[in-house]
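Residue numbers begin at 1 in each chain, while the letters A, B, ... track the order of the sequences. Atoms considered below: every heavy atom in the structure, side chains included; atoms not considered: hydrogens, waters and symmetry mates.
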2 protein chains.
Amino acid sequence: MRRPRVAALPAADLVILTIREQRLNVLLVKRGKKDEPYFGWLALPGGFVRPGESLEDTAKRELAEETGLDGGKLPLQQVRTYSLPNRDPRGRIVTTAFLAIAPNLPEVTGGTDASRADWIEVDELRSTPLAFDHNQILSHTLEHARRLLEYTTVATAFCPELFTVSELRQVYEAVWGVSLNPQNFHRKVRRTEGFVVDADKRRTDQPGRPAELFRRGPARILYPPMLRPNQGDGSEDPAAQT
Amino acid sequence: MRRPRVAALPAADLVILTIREQRLNVLLVKRGKKDEPYFGWLALPGGFVRPGESLEDTAKRELAEETGLDGGKLPLQQVRTYSLPNRDPRGRIVTTAFLAIAPNLPEVTGGTDASRADWIEVDELRSTPLAFDHNQILSHTLEHARRLLEYTTVATAFCPELFTVSELRQVYEAVWGVSLNPQNFHRKVRRTEGFVVDADKRRTDQPGRPAELFRRGPARILYPPMLRPNQGDGSEDPAAQT
DNA sequence: TCAATAGTGTCTGTCAGACACTATTTT
DNA sequence: AAAATAGTGTCTGACAGACACTATTGA
């Protein structure tokens, strides 16, 4: 009985998100001449698995190469694997998408090998075609990130070490694309044990009453979760596999 | 500049869950002689990707081979990809886990090619070693399924076409491993629009007042979600990548 | 003093937990 | 009638939405 198999090159693609100017940004690279096909297109950073590496290793290495960030410290989450036979014209390449959440970095762009890396506002990309199936990967991963903000505390990973409740709220507003009531958000965050820890300092570089500064707390799961408004009528499943 | 790459065989493994006797069961196969390594061990059903197939195609094909179910009709969800270089002694095999949720099937076991397929109670497997990294795959996928029951209506996929609220509750109780208050569950289910649709029939094969029968409704997302009791202190992240 | 931002108090509506109660069947 | 299961009503507490109110800074 024949059992045909097929070999593939495993790869990891990264969706690295951050907040800049209160908007959600994603790190994209412009593909160079040596990157045929899709020369000149925008693409997610990523690369092939090397001998001895797991996909997670590859993702960490690419993250370090692109941003200088230590993948061991940032939340780096596997999201989904893309395997359509014709998704890459170079051949059979099966890629796994990883979500990385980064604070606003002082100087990120210009990684070691990508021809150019730049933060792009996610909202600007709704009608911009990306290389390969990266539009789909980005869209799935964004939905994954939105879901994560509901029941985990990863939103704090978008913030610097010390942050205000306002800044944390702006993370939620940017990722979810909604406005949240500042007072209710404040109450929710401070009443959820372990979400944030008072750093006993204040931010004084703004007009208005100085805001207290916090560090991320020990909790990783939010229970009860943050309620994301505006869920539609529930007849669509964002996790559908079609 | 050297860019070493590595080729791998992509594979799909299936975690097929059902409820039997009010307990959560998973379909496992016993590995035969031709299945070295791990001869005689229990393993998740699965197989290699064939030319022209995506991982989803492979999962659907394996599901049909193992259970005779049409993968296009059952919810079949990608969960996570496992890629440690030494996870399979035969070589570099990268496998993607899929979750399938099945109603209690009349005659499931004895697929076409697996030497033997059998439903096993998940609780019995806590101290049973499975082949490869399948214990880990099973544990991740179970947590994924538990999470799905919170915010989607997939629990109805465990039920036959017509089912009672009691049966639906027993799905939640079996998957979550908790007891739920029957009255409150009943109210929650019936008040959530589109979760279930009254079939205008009754179940009469039991002592006690006959229960109304329902079909699954059009909703796919539960908003607000079902609250899973007993979440612990929230300091652990079930989605952690370590 | 005013604008601006941070943070608190409080009312209300929704919903989950608890549980008493009613309803409808078999034995 | 008793046992068994299904389903409803209702009280209570937790919490989200809304928003008035206080607090603390710079201009």
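Going from atom CZ of B:R190 over to atom P of D:dG9 covers 12 Å, rounded to whole Å. The interatomic distance linking B:E212 (CD) with C:dT25 (C1') rounds to 14 Å, in whole Å. Whole-Å rounding puts the A:E193 CD to D:dA14 P distance at 15 Å. Atoms CG (A:L180) and C1' (D:dC15) sit 16 Å apart, rounded to a whole Å. Atom-to-atom, CZ of A:R191 to C1' of C:dG7 comes out at 13 Å; the value is rounded to the nearest Å. In this structure, B:H186 atom NE2 and C:dT24 atom P are separated by 14 Å, rounded to whole Å. Between the CZ atom of B:R228 and the P atom of C:dA16 there is a distance of 16 Å, given to the nearest Å. Distance A:F185 CZ to D:dC15 P: 16 Å, rounded to the nearest Å.
B:R203 has a carboxylate O that lies under 4.0 Å from a charged side-chain N of B:E167, or vice versa, which qualifies the two as a salt bridge. Taking 4.0 Å as the cut-off between side-chain N and carboxylate O, A:E212 and A:R190 count as a salt-bridged pair.
Contacts of A:T164 with the nucleic acid, taken as non-hydrogen atoms under 4.0 Å apart, are absent.
B:R146 pairs by the salt bridge (Lys or Arg N to Asp or Glu O under 4.0 Å) definition with B:E143, not counting sequence neighbours. Scored by the ring pair (Phe, Tyr, Trp, His ring centres under 6.0 Å) test, A:F214 finds no partners at all (sequence neighbours excluded).
Using cut-offs of 30° and 60° for the angle between ring planes, the B:H134 and B:F132 rings count as tilted.
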Where protein sits on nucleotides 16-27 of chain D, one letter per nucleotide: B base, S sugar-phosphate only, - none, heavy atoms under 4.0 Å: BBBBB--BBB--

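For the pair A:R147 and B:Y151, the cation-pi test (distance below 6.0 Å, angle within 45°) is passed.
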